[in-house]
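Take a look at this one; I'll ask things after.
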Amino acid sequence: MMLRIQIYCDVDENGDITESVSGQRIVPDRQYDYFFMVEDQEIPNHIEDYKVEDRQLVKK
């Protein structure tokens, strides 16, 4: 069974992620620009390799 990871993130004007929190069952401490549910366990570990384009989390 694949675990789903929650990712909350803020982005700059270019869509680059400036801040993020992630985990299986988290409650963020504040409002973030975007929220994603992913199954790839490596995305949170390499969040600097991703950005937000057209409201989608994409690899740079």
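All residue numbers in this chain count up from 1 along the given sequence. Owing to the predicted nature of the structure, the values given are computational and were not obtained by experimental measurement.
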Which pairs count as salt bridge (charged side-chain N to carboxylate O under 4.0 Å, His left out) when at least one residue sits in residues 18-38, sequence neighbours excluded?
D10-R30, E19-R30

Can you name the closest pair of heavy atoms from C9 and F36 and give their distance?
SG-CE1, 3.9 Å

Is it the case that one hydrophobic cluster holds both I5 and I43, taking links as side-chain heavy atoms less than 4.5 Å apart, direct or via other members?
yes

Consider only side-chain heavy atoms of I, L, V, M, F, W and Y, link residues closer than 4.5 Å, and tell whether V38 and V21 are in one cluster.
no

Flag, side chain of Q6 to backbone of I26, donor-acceptor distance under 3.5 Å
yes

In residues 49-60, what donor-acceptor pairs under 3.5 Å come from side-chain atoms, sequence neighbours left out?
from: K51; atom 1: NZ; to: N14; atom 2: O; distance (Å): 3.1
from: K60; atom 1: NZ; to: E48; atom 2: O; distance (Å): 3.3

Rounding to 0.5 Å, atoms CD (Q24) and CZ (R4) come to a distance of 12.0 Å

Rounded to the nearest 0.5 angstrom, the CD-OG distance for Q41 and S22 is 10.0 Å

Please determine whether residues M37 and Y8 belong to a single hydrophobic cluster, defined as Ile, Leu, Val, Met, Phe, Trp and Tyr linked transitively by side-chain heavy-atom distances below 4.5 Å.
yes

Answer whether the closest heavy-atom distance between the side chains of I7 and F35 falls below 4.5 Å.
no

